[in-house]
Amino acid sequence: MNLTFQGAAGGVTGSMHRLEADGKHFLLDCGMFQGRRKEAERLNRHFPFPGSSIEAVVLSHAHIDHSGRLPLLYKEGFRGPIYTTPATIDLCGAMLRDTAHILEGDAEFVNRKHPNDPPVEPLFTLEDAANTVELFRPVAYRTPTNIGTNVVGANLVMESYDAGHILGSSSIVLTDGKVRLAFSGDVGRPGLPIIRDPEPLPPCDYLIMESTYGGRKHPRTSDAINTLEEVVTRTIARGGRLIVPAFAVGRTQQLVLLLHQLMNQNRLPAVPIFVDSPLAVDVTGVFRAHPECFDDEVNQYLHGGEDPFGFKRLTYIRDVNESKKLNDRKGPFVVISASGMCEAGRILHHLRNSIGDSRNTVLLTGYQAENTLGRKLRDGWKSVRIFGIPEQVEAEVASLDELSAHADSEELLEWMKPITPQLKKVFLVHGEPAQAAALADAIQGLYGIQAIPAAPGMNCELSG
Ligand SMILES: [Zn+2]
C-alpha cells in the first residue's frame with residue numbers, strides 16, 4: 001500500500017488521504033477546506049489527480065470538512081462507489097444539498113455585484129450534489145466489505161467501527177491481506193449525549209489519527225448540563241438573550257436534549273427556545289430515523305414515549321420570515337442557530353442584532369478554527385466585522401467546551417491503545433501544527449511508537 005496526504009495535513013480542514021493498493025487508487029474522505037476565504041477557495045477548486053482515476057471513496061463521517069468536496073469529485077469525473085454508514089448517507093443527503101445551495105447563492109451574489117466581470121461558477125451545484133448522493137453504498141459497522149475490484153489480488157477490505165463523534169461517524173480499518181491500516185476519522189469522547197461511545201479498533205500496522213486537541217485537556221462531558229444551566233440562568237436574570245452558534249449536525253440535537261433534561265428537572269426559567277436553522281430541522285429528522293445509533297439515555301426517552309428532540313417550549317424555525325421576526329422579539333429567549341463557527345448562515349443576523357448589548361450572551365459550543373468569527377469571539381476581540389461592518393462586542397462570550405465532539409490528548413492516547421501491539425507508525429492529521437507536535441511527543445513517550453505530523457503531499461510506502 002502507498003499513502004499520500006492531500007488534505008487536513010498541517011491543518012484541520014480538507015480531510016483527504018489517497019491510498020494506492022495493487023495499482024488502484026482510493027480516497028479516505030474528500031473534505032472541504034475552510035478558513036480564510038481566498039485560500040480555502042484556491043485549495044478547494046482543484047484536485048491533484050483526475051476524478052476518474054479514483055476507484056472508490058471511503059467516508060468516515062458527514063461533516064463538510066470530510067465530505068464537502070465529493071460533489072466536485074463527481075463533477076471531475078468520479079463515478080465509483082462511496083462507502084459509508086447508513087446514517088452518514090442520510091446526513092450527507094441533507095448537508096451536501098445545503099452546501100450546494102449556499103455555493104450557488106454566493107456565486108449568484110458575486111455575479112450580480114460584478115456584472116462586467118467573467119461570471120463566477122459555484123464550486124458545485126445542487127445537481128452535482130444530488131448525483132453524488134446516488135453513488136453512496138451503505139456499510140454497517142463491523143461488516144467486512146471488499147471495496148476493491150474483484151480481480152484476484154486486487155482486494156481491499158474495509159471494516160468500520162463507531163467513532164463516537166457524530167451520528168454515523170466511523171473509524172475504519174483497511175487491509176489488502178498484507179498490511180492493516182487504521183484511519184481514525186474524527187474520534188469522539190465517552191459520555192457525549194445521544195451517540196454511543198467510541199468503539200475499540202483491532203491491532204493494526206499503521207494508523208492515520210486525528211490530532212485536533214492533541215495537546216489539550218477538555219472538561220468532563222458530564223459537566224455540560226451544569227454549565228448550560230448556569231449560562232442560561234444568568235443571561236435570563238439579566239433580561240438578555242442567549243445566542244448559541246451550533247453545528248446543525250449533532251451539537252444542535254445535543255443542546256436540545258440537554259435543555260429538555262433541564263426542563264424536565266425544573267432547573268430552567270420558563271423562556272422560549274428556538275432552533276433557527278433549516279438544515280438543523282432536516283438533520284433532526286435524520287436523527288429520528290436512526291435510533292440504531294443512539295445511546296441508552298436516548299433509548300430510555302424513546303421507550304418512555306417522549307420525543308428527545310422536542311418539548312413544549314421549543315420551536316423549530318425553517319421559514320426565513322419567522323427567523324427575521326426573532327430580531328424584534330422582546331424579552332429573554334434562547335436561540336440555537338448555525339453555523340457553529342459563525343462563518344455563515346442565520347447566526348450572523350442574530351449576532352449582529354445582539355452582540356452590542358451587555359445583557360446578552362453568545363455561547364460558543366464547539367471547535368473554532370483559526371481565522372473564523374467564532375475564534376475571534378473566543379479570543380476576546382472587542383470589535384469584530386459582521387457582514388463587513390465593524391460591531392462592538394458588549395455581550396458576554398461563554399464557551400461550552402464540555403460538549404467537544406473531539407477526544408482530547410488523554411482520550412486519544414487511550415483510544416489508540418488497542419491498536420498499538422503491532423503498530424509501526426502513526427501519521428497525525430487534522431490538527432494545527434502545535435497540537436499535532438504535542439501528540440507526537442506523547443505517543444512516543446507513552447508507547448515508544450514513531451508518530452509523524454503529516455505534511456501536505458507527503459507520500460509513504462506502507463509495508464507488511
Ligand atoms: Zn468531524
Side-chain angles (χ1 to χ4, degrees), residues 7-9 11-17 27-35 40 57-70 82 84-85 87-92 94-96 98-99 141 160-172 182-190 192-199 208-214 216 218 221 245-255 279-280 283 286-287 290 293 338-341 343 364-370 372 374-375 401 403-408 411-412 415 428-432 435-436 439:
V12 170
T13 64
S15 176
M16 184 169 73
H17 316 301
L27 286 185
L28 307 177
D29 287 353
C30 188
M32 198 176 268
F33 290 94
Q34 292 157 325
V57 179
V58 179
L59 177 62
S60 65
H61 65 291
H63 275 152
I64 286 298
D65 64 318
H66 294 257
S67 71
R69 285 209 293 164
L70 285 167
I82 303 166
T84 192
T85 60
T88 302
I89 295 177
D90 288 349
L91 287 176
C92 279
M95 292 170 73
L96 293 178
D98 178 74
T99 304
Y141 291 125
S160 64
Y161 299 81
D162 198 328
H165 170 65
I166 60 164
L167 194 82
S169 65
S170 55
S171 301
I172 297 142
F183 172 40
S184 70
D186 286 355
V187 181
R189 312 171 62 203
L192 284 176
I194 304 174
I195 52 174
R196 293 207 197 95
D197 293 351
E199 278 185 307
I208 306 169
M209 184 159 86
E210 71 126 313
S211 56
T212 319
Y213 290 112
R216 261 180 234 163
H218 294 317
T221 45
F247 304 99
V249 178
R251 190 55 36 80
T252 293
Q253 293 76 21
Q254 289 169 339
L255 288 164
L279 178 61
V283 165
V286 174
F287 269 68
H290 287 280
C293 299
S339 72
M341 299 192 213
E343 280 297 272
L364 300 168
T365 59
Y367 183 72
Q368 307 295 325
E370 277 181 331
T372 58
R375 179 70 159 254
D401 296 332
L403 282 185
S404 172
H406 287 275
D408 65 15
E411 290 161 342
L412 283 171
W415 174 85
L428 295 176
V429 296
H430 205 284
E432 290 169 10
Q435 298 295 317
L439 188 60

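Read the numbers this way: they start at 1 and go in the same order the structure lists the ligands and their atoms.
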Restricting Asp186 to its N/O/S atoms, the closest one to the Zn ion (ligand 1) is OD2
Short check: any N/O/S atom of His165 below 2.8 Å from the Zn ion (ligand 1)? yes
After noting the C-alpha distance and the side-chain angles of His66 and His430, does the key distance pass the ring-ring contact (aromatic ring centres under 6.0 Å, His included) rule? CA-CA 10 Å; His66 294 257; His430 205 284; 5.0 Å; yes
Is there a donor in the side chain of His218 and an acceptor in the side chain of Asp401, or the other way round, less than 3.5 Å apart? no
Can you label the angle between the His165 ring and the His61 ring as parallel, tilted or perpendicular, going by 30° and 60°? perpendicular
Vertex the Zn ion (ligand 1), ends His61/NE2 and His63/ND1: angle to nearest 10° comes to 100°
Against Ser67, only a single residue in Leu59, Val57, Thr88 fulfils side chain to side chain contact (heavy atoms under 4.5 Å, CB included); can you say which? Leu59
